[in-house]
*Asks:* 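This structure is in structure tokens; I'll ask about it shortly.
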There are 2 protein chains.
Amino acid sequence: MDTLVRENKAKFIILGLLSHDSLTGYDLRQIAERMIGNFWTDLSYGQIYPTLRTLEKQGLVSKTAEVEEGERIRKIYSITPEGVGELRKWLIEPADTEILKLDILLKLTFGAKVGIEYSIKNVEEFKQRNEAAIERYDAIERSLHNTLHENEDHAFFLLTLHYGQYVTRAQIQWANKALETLHATSK
Amino acid sequence: MDTLVRENKAKFIILGLLSHDSLTGYDLRQIAERMIGNFWTDLSYGQIYPTLRTLEKQGLVSKTAEVEEGERIRKIYSITPEGVGELRKWLIEPADTEILKLDILLKLTFGAKVGIEYSIKNVEEFKQRNEAAIERYDAIERSLHNTLHENEDHAFFLLTLHYGQYVTRAQIQWANKALETLHATSK
DNA sequence: CCAACCATGTAATTTGTTACATGATTCC
DNA sequence: GGAATCATGTAACAAATTACATGGTTGG
């Protein structure tokens with residue numbers, strides 16, 4: 001007897017996003033990127049469309065419209081009351097521990113096996129990526145302060161944005177320290 | 001024609017660890033946990049043993065001993081020169097971007113759909129986990145300073161430990177701020 | 001004597017990625 | 001006219017988890 005506990009998170013991401021707004025599969029991807037891209041590896045269409053079909057079969061979402069704009073068809077999905085129930089059930093469970101896979105640290109761990117210049121290059125690239133991310137986060141925060149419509153979802157989104165800012169800044173600080181160490185070692 | 005670029009990271013973790021020391025499958029798991037557990041979701045035996053067999057078939061590792069201690073058999077694997085070459089080849093490639101899946105932020109994103117007390121509980125639990133992690137990291141750092149044998153691997157390991165310290169502290173700071181915001185909202 | 005740990009492994013399943021396949025629309 | 005983007009989907013495959021299966025050894 002299997003007591004499978006592994007959860008399909010794509011399912012809950014889709015339910016969560018549809019709980020705000022009815023969307024197409026294509027929309028789901030773009031919005032997921034903006035809303036959770038900062039702390040969740042992107043959903044691919046290869047996950048979205050099959051999951052959408054499963055959810056529809058289970059009655060958790062429904063196809064509310066097939067808009068034909070000329071030849072192009074957009075299939076708009078909405079969450080059902082059962083879907084909202086399922087989403088709530090998941091939300092009140094304690095969160096799983098985070099899944100991390102930082103390739104750069106893996107390469108750093110075994111870095112002594114090759115020249116130190118490769119480690120330096122990796123950390124520099126990591127730092128640049130994080131600096132770009134900080135600019136992006138700060139820009140999002142500024143634009144949010146302008147269009148400040150005080151709804152609750154907005155407040156929760158801000159919390160996740162702040163997470164990105166805190167952690168990204170810490171990563172830049174670490175990168176600076178690591179680069180110092182690496183340069184000192186290479187002399 | 002497929003140009004598959006997805007890399008089996010378990011392969012390189014095993015090669016990396018074996019480049020220090022010959023180990024059994026069981027050892028690999030324990031050591032992986034200590035060396036990279038801080039930034040890489042644990043390797044399971046379900047990955048280790050099959051990967052070890054594949055690597056052996058490819059000549060990248062070899063079974064150097066089958067120690068029989070009474071009835072118990074330990075199979076000790078070593079890296080081959082070809083394995084070292086493969087490890088080096090991977091090390092000098094630029095690192096992939098990190099894979100993140102932070103369930104807690106996902107639940108926070110959609111937190112408005114349930115009572116705020118669930119969000120608070122999640123963040124508190126996250127904070128506690130991070131506080132425990134900091135203590136663990138600091139203890140490891142102290143013990144490293146005592147047994148300071150100045151080899152290069154040790155220095156690289158310290159870099160990844162520092163990463164954990166920087167990011168974990170940032171996560172605690174974020175959690176404190178988030179808890180403030182959440183408590184203010186719930187009043 | 002019993003729990004915790006040492007030790008190896010397989011089978012089933014799920015999850016996730018990538019490539020493939022197609023074509024319309026919009027903006028420059 | 002052409003590039004970027006909108007839009008939907010499938011097939012093949014790779015990665016990863018979990019449960020199952022077995023049994024020895026060590027330390028209290």
Side-chain angles (χ1 to χ4, degrees), chain A residues 1-14 22-34 36-37 40-57 61 63 65-77 96-101 103 106, chain B residues 1-14 22-34 36-37 40-57 61 63 65-77 96-101 103 106:
Chain A
M1 187 75 67
D2 280 8
T3 37
L4 249 315
V5 268
R6 225 185 330 169
E7 270 169 345
N8 183 354
K9 295 299 166 60
K11 169 180 166 178
F12 296 108
I13 294 170
I14 290 174
S22 296
L23 299 166
T24 67
Y26 186 85
D27 293 337
L28 277 166
R29 190 181 207 207
Q30 323 307 311
I31 293 181
E33 200 189 322
R34 273 185 285 150
I36 64 168
W40 199 277
T41 303
D42 275 354
L43 280 185
S44 61
Y45 295 124
Q47 265 189 287
I48 290 171
Y49 289 112
T51 303
L52 230 26
R53 205 176 41 155
T54 307
L55 290 175
E56 198 186 5
K57 237 182 277 175
V61 308
K63 205 186 293 167
E66 282 203 23
V67 181
E68 286 175 54
E69 300 167 337
E71 295 300 299
R72 187 161 59 176
I73 297 172
R74 305 178 69 229
K75 299 180 181 178
I76 301 173
Y77 290 89
D96 292 345
T97 56
E98 49 281 8
I99 291 174
L100 296 181
K101 306 205 163 185
D103 200 42
L106 215 49
Chain B
M1 188 72 69
D2 279 8
T3 37
L4 249 316
V5 268
R6 227 182 332 167
E7 269 168 346
N8 183 354
K9 296 299 166 64
K11 170 180 166 178
F12 297 107
I13 293 170
I14 290 174
S22 295
L23 298 166
T24 67
Y26 186 86
D27 292 337
L28 278 165
R29 190 181 207 207
Q30 323 307 310
I31 294 182
E33 201 189 323
R34 273 186 284 148
I36 63 167
W40 199 276
T41 304
D42 275 353
L43 279 184
S44 61
Y45 295 124
Q47 266 188 288
I48 289 171
Y49 289 110
T51 302
L52 229 26
R53 205 175 41 155
T54 308
L55 290 175
E56 198 186 5
K57 237 182 280 177
V61 308
K63 207 185 294 168
E66 283 203 21
V67 181
E68 285 175 54
E69 301 167 337
E71 296 298 299
R72 188 162 57 178
I73 296 171
R74 304 178 70 228
K75 299 180 180 177
I76 302 175
Y77 290 89
D96 294 344
T97 55
E98 50 280 9
I99 292 175
L100 297 180
K101 305 203 165 185
D103 199 42
L106 214 51

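Chain identifiers are assigned alphabetically (A, B, ...) following the order of the sequence lines, protein sequences preceding nucleic acid strands; residue numbering begins at 1 within each chain.
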*Asks:* Would you say the side-chain atoms of B:T41 pair up with the backbone N or O of A:L100, donor to acceptor, closer than 3.5 Å?
*Replies:*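 Such a contact is found between B:T41 side chain and A:L100 backbone.
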*Asks:* Using whole Å, report how far CG of A:L43 lies from C1' of C:dT18.
*Replies:*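 Atom-to-atom, A:L43 to C:dT18, this comes out as 15 Å.
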*Asks:* Rounded to whole angstroms, how far apart are CD1 on B:I14 and P on D:dA15?
*Replies:* 12 Å
*Asks:* Nearest whole angstrom, please: distance from the C1' of C:dT15 to the CD1 of A:I13.
*Replies:* 12 Å
*Asks:* Would you mind classifying the nucleic acid contact of B:K11 as base, sugar-phosphate or nothing, using non-hydrogen atoms under 4.0 angstrom?
*Replies:*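 It contacts nothing in the nucleic acid.
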*Asks:* Locate the shortest heavy-atom distance separating B:A10 from B:Q47; write the atom from each residue and the value.
*Replies:* CB-NE2, 3.6 Å
*Asks:* What is the distance, rounded to the nearest whole Å, between atom CD1 of B:I48 and atom P of D:dT18?
*Replies:*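 So the CD1-P distance, B:I48 to D:dT18, works out to 14 Å.
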*Asks:* Between A:K9 and C:dG16, is there a contact of a side-chain N or O with OP1 or OP2 at under 4.0 Å?
*Replies:* no
*Asks:* Which of these nucleotides, D:dT17, D:dT8, C:dT10, is closest to any side-chain atom of A:R74?
*Replies:* D:dT8
*Asks:* Would you say D:dC6 has OP1 or OP2 under 4.0 Å from some side-chain N or O of A:Y26?
*Replies:* yes
*Asks:* Grab the CG-C1' distance between A:N8 and D:dT17 for me, whole Å please.
*Replies:*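 Atom CG in A:N8 sits about 14 Å away from atom C1' in D:dT17.
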*Asks:* In whole angstrom, what separates A:Y77's OH from D:dT8's P?
*Replies:* 8 Å
*Asks:* Is A:K75 touching bases, backbone alone, or none of the nucleic acid, heavy atoms closer than 4.0 Å?
*Replies:* sugar-phosphate
*Asks:* Roughly how many Å is it from CD1 in B:I73 to P in D:dG23, rounded to a whole number?
*Replies:*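 Answer to the nearest Å: 13 Å.
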*Asks:* What are the two closest heavy atoms between A:L43 and A:A32, and how far apart are they?
*Replies:* CD1-CB, 4.4 Å
*Asks:* So does B:Y49 get a side-chain nitrogen or oxygen closer than 4.0 Å to the phosphate oxygens (OP1/OP2) of C:dT8?
*Replies:*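 Yes, because at least one side-chain N or O of B:Y49 sits under 4.0 Å from OP1 or OP2 of C:dT8.
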*Asks:* Quick check for you: among D:dT17, D:dA7, C:dG9, whose closest atom lies nearest to any side-chain atom of B:Q47?
*Replies:*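 The closest nucleotide is D:dT17.
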*Asks:* Applying side-chain contact (heavy atoms from CB on, under 4.5 Å) to B:I13 and B:W40, what does each step give before you reach the verdict?
*Replies:* CA-CA 10 Å; B:I13 293 170; B:W40 199 276; 3.6 Å; yes
*Asks:* Distance check needed: C:dA7 C1' versus B:L28 CG, whole Å only.
*Replies:* 13 Å
*Asks:* Nearest heavy-atom pair of A:D96 and A:K9: which atoms, and what distance?
*Replies:*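 Minimum heavy-atom contact is OD2-NZ, 2.9 Å.
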*Asks:* What's B:G25 touching, base or sugar-phosphate or nothing? Going by heavy atoms closer than 4.0 Å.
*Replies:* sugar-phosphate
*Asks:* Check the phosphate of C:dT8 against B:T24, side-chain N and O only, distance under 4.0 Å to OP1 or OP2. Yes or no?
*Replies:* yes
*Asks:* Which residue, B:I99 or B:Y45, contacts DNA chain C at a nucleotide closer to its 5' end, judged by nearest heavy atom?
*Replies:* B:Y45
*Asks:* Given C:dT15, is OP1 or OP2 found less than 4.0 Å from the side-chain N or O atoms of B:K101?
*Replies:*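 Result: no.
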